[in-house]
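Okay, so here's the structure we're looking at.
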Amino acid sequence: MNEFKTARNWLDNADAVIISAGNGLSITEGYNIFAHDEAFMTHFGTFYERYGIMNILQGAFYNYPTVAERDAFYKVLFDYMVDHYESTPVFRDLK
């Protein structure tokens, strides 16, 4: 029990806490970078049709024929995951 009190004391006195998590946490937020699902097709369907890209991760590492095409993908990605991001209760509780 003493370890829990020590850990609680550290947390109570910390300036910040860094939380490391895998893709499951982003999936909880509705962002599955491995999925070829409705959300992917809604936002990235053009890249699927042009290049056969099946998910966000593949799109992020795809060798686009031009810098403009790569930038277009990242513009859509930024719009989807940053500009229109709305946190879920999981992230609000975490914060």
Side-chain angles (χ1 to χ4, degrees):
M1 187 64 154
N2 191 32
E3 292 98 8
F4 291 111
K5 287 181 182 178
T6 300
R8 178 59 192 230
N9 187 45
W10 289 343
L11 290 171
D12 288 343
N13 293 300
D15 292 329
V17 176
I18 297 173
I19 298 173
S20 176
N23 192 46
L25 195 54
S26 59
I27 291 171
T28 300
E29 284 297 282
Y31 297 114
N32 187 341
I33 64 171
F34 301 103
H36 182 82
D37 57 10
E38 183 179 340
F40 175 80
M41 289 304 293
T42 297
H43 298 281
F44 302 95
T46 301
F47 298 94
Y48 170 71
E49 291 168 10
R50 283 186 197 155
Y51 307 112
I53 293 169
M54 300 291 288
N55 58 52
I56 292 171
L57 188 61
Q58 187 180 31
F61 291 100
Y62 189 81
N63 187 18
Y64 293 95
T66 67
V67 171
E69 282 295 298
R70 184 202 62 209
D71 290 350
F73 176 85
Y74 279 102
K75 182 180 184 311
V76 173
L77 181 63
F78 191 90
D79 181 67
Y80 173 56
M81 296 185 86
V82 177
D83 285 344
H84 292 100
Y85 170 74
E86 293 181 27
S87 65
T88 66
V90 172
F91 265 50
R92 287 191 295 272
D93 288 347
L94 188 58
K95 185 176 180 184

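Count residues from 1 along the sequence. For the numbers below, each heavy atom of this structure counts, side chains included, while hydrogens, waters and symmetry mates do not.
Within a 6.0 Å radius of CD1 in Ile19, other residues, nucleotides and ligands contribute more than 12 heavy atoms. Sparse packing is recorded around CZ of Arg8, with 12 or fewer heavy atoms of other residues, nucleotides or ligands lying under 6.0 Å away.
Between atom CG of residue Asp71 and atom CG of residue Leu77 there is a gap of 12.0 Å, rounded to the nearest 0.5 Å. Taking CD of Glu38 as the reference point, atom NE2 of His43 lies at 9.5 Å (rounded to 0.5 Å).
The two residues Phe34 and Leu57 come nearest to each other via the heavy atoms CE2-CD2, 3.3 Å. The two residues Ile56 and Phe73 come nearest to each other via the heavy atoms O-CZ, 3.7 Å.
The backbone N or O of Met54 lies less than 3.5 Å from a partner atom in the side chain of Gln58, making a donor-acceptor pair. Within the 3.5 Å criterion, the main-chain N or O of Asn55 finds no donor-acceptor partner in the side chain of His36. With hydrogens and angles disregarded, a donor-acceptor distance shorter than 3.5 Å links the side chain of Tyr31 to the backbone of Tyr80.
Residues Tyr64 and Phe61 fall within the same hydrophobic cluster, defined by Ile, Leu, Val, Met, Phe, Trp and Tyr side chains chained together at heavy-atom separations under 4.5 Å. Tyr74 and Val76 end up in the same hydrophobic cluster when Ile, Leu, Val, Met, Phe, Trp and Tyr side chains are linked at under 4.5 Å. Hydrophobic clustering, with ILVMFWY side chains joined whenever heavy atoms are under 4.5 angstrom apart, groups Ile53 together with Met41. Grouping the Ile, Leu, Val, Met, Phe, Trp and Tyr side chains by contacts below 4.5 angstrom, directly or via other members, places Val82 apart from Phe44.
Of the residues Asp12, Thr6, Asn13, the one that meets the side chain to side chain donor-acceptor pair (under 3.5 Å) test with Asn9 is Asn13.
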Problem set entry | side chain to side chain contact (heavy atoms under 4.5 Å, CB included) evaluation trace for Phe40 with Asn32 | CA-CA 9 Å; Phe40 175 80; Asn32 187 341; over 6 Å; no
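Note: Tyr62 and Tyr51 meet the aromatic proximity criterion, with ring centroids under 6.0 Å apart.
A side-chain donor from one of Glu29 and Tyr85 sits under 3.5 Å from a side-chain acceptor of the other.
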